Amino acid sequence: MRPFLKWAGGKYRVIDKIHAALPEGKRLIEPFVGAAAVFLNSDYPHYLLAEANRDLIGLYKILKKEKQRFIDYACEFFTPAYNQEKKYYQLRDLFNTTEDKRFKAALFLYLNRHGYNGLCRYNSDSKFNVPYGRYKKPYFPEKEMRYFCRKLSRVKFVCADFMATMKLAQRGDVVYCDPPYVPLSKTAMFTDYYSGGFSEVQQLALVMQAQRLANKGVTTVISNHDTEFVQRHYQAAEIHRFEVQRSISCQGSRRGKVAEVLAVFR
């Protein structure tokens with residue numbers, strides 16, 4: 001099942017490879033849940049799904065609480081009257097200022113589907129700043145949202161950084177991490193992660209925490225680019241390599257296959 005959100009680096013296309021690397025366990029923990037493709041296409045008894053993005057987790061919590069009632073409410077923003085440039089920027093401004101959690105959650109979905117390329121991006125002031133996408137008729141993912149709701153009785157959502165989330169892991173849990181990837185070129189900057197950035201230091205901290213969990217009997221699987229940096233620092237892991245079609249770039253010349261890894265620490 002596809003996620004109901006668009007998400008850069010989503011794992012829907014490689015879900016079979018991820019499944020092959022994930023062992024059985026009593027609970028799956030995802031510190032970088034994103035659009036939740038792994039959760040949607042797996043069957044663990046329990047889930048702990050986390051992100052540092054409070055807007056994303058806020059949407060998931062409202063959907064868990066209200067289910068179809070929220071789906072019907074969010075659908076109201078998917079009409080021709082709302083698919084206009086001026087209206088988009090008005091609602092984006094409201095999203096950045098409102099304290100109404102339900103309204104903000106509906107707007108997060110609206111912006112995700114009406115914004116350019118489905119990006120989730122914030123400026124240095126933590127304001128959502130993705131421009132209007134100019135889609136003829138944005139898709140309202142009602143079917144996908146209903147499927148998402150069916151599994152929510154087994155889920156706990158947490159708004160926290162990856163270190164705090166991984167520290168909650170216990171023997172018998174399985175951890176899957178989909179962090180902002182290490183850049184492919186030596187000259188590229190480390191990937192921005194919302195407004196706070198995701199640095200080389202944090203990449204190394206993630207690896208160290210995965211090794212700590214493995215020593216406690218908790219298997220941790222990490223997705224990343226297959227780079228020199230990853231090869232050097234993931235030596236303690238079992239590495240599975242494959243190629244993935246990149247599709248996030250708006251320029252066709254920058255789309256193509258890139259090498260990725262699944263690193264299994266156990």
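Residue numbers count from 1 along this sequence. Bear in mind the structure is a predicted one, so any value in this text is a computation, not a measurement.
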Donor-acceptor contact below 3.5 Å, side chain [X] vs main chain [Y]:
X: His19; Y: Asn41; value: yes
X: Asn117; Y: Leu119; value: no
X: Lys151; Y: Phe39; value: yes
X: Glu260; Y: Phe242; value: no
X: Thr97; Y: Leu94; value: yes
X: Arg154; Y: Asp43; value: no
X: Arg27; Y: Pro45; value: no
X: Lys67; Y: Lys65; value: no
X: Asp178; Y: Phe32; value: no
X: Asp226; Y: Val261; value: no

Checking [X] now: which residues fulfil side-chain hydrogen bond (donor to acceptor under 3.5 Å, both in side chains) with it, not counting sequence neighbours?
X: Tyr88; result: none
X: Glu24; result: none
X: Tyr60; result: none

Q: List in chain and number order the residues that pass ring-ring contact (aromatic ring centres under 6.0 Å, His included) with Tyr73, two or more places apart in sequence or in another chain; answer none if no residue qualifies.
A: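 Counting only residues at least two positions away or on another chain, Tyr73 forms a ring-ring contact (aromatic ring centres under 6.0 Å, His included) with Phe77.
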Q) Closest heavy-atom contact between Leu184 and His225? A)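 Looks like CD2-CG, 3.5 Å.
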Q. Once the angle between the rings of Phe95 and Phe128 is folded into 0 to 90°, is it parallel (under 30°), tilted (30 to 60°) or perpendicular (over 60°)?
A.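 Perpendicular, since the angle between the ring planes exceeds 60°.
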Q) Parallel, tilted or perpendicular: which fits the ring planes of Tyr44 and Tyr47, with parallel below 30° and perpendicular above 60°? A)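 Perpendicular, since the angle between the ring planes exceeds 60°.
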Check: [Y] and [X] side chains under 4.5 Å, non-hydrogen atoms:
X: Pro141; Y: Arg2; result: no
X: Lys26; Y: His46; result: no
X: Phe265; Y: Ile222; result: yes
X: Leu5; Y: Leu56; result: yes

Q | Of all pairs that satisfy side-chain hydrogen bond (donor to acceptor under 3.5 Å, both in side chains), the ones with a partner from residues 99-109, not counting sequence neighbours | A |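 Of all non-adjacent pairs touching residues 99-109, those that pass side-chain hydrogen bond (donor to acceptor under 3.5 Å, both in side chains) are Glu66-Arg102.
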Q: Would you list the pairs meeting side-chain hydrogen bond (donor to acceptor under 3.5 Å, both in side chains) in which at least one residue belongs to residues 204-224, sequence neighbours left out?
A: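 Only Tyr176-Ser223, Gln203-Asn224, Gln209-Arg212, Asn224-Tyr234 qualify under side-chain hydrogen bond (donor to acceptor under 3.5 Å, both in side chains).
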(Q) Any carboxylate oxygen within less than 4.0 angstrom of a Lys/Arg side-chain nitrogen, looking at Asp161 and Lys167? (A)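 No, Asp161 and Lys167 are not salt-bridged.
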Q | Donor-acceptor pair between Tyr132 and Asn83 side chains, under 3.5 angstrom | A |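 There is such a pair between these side chains.
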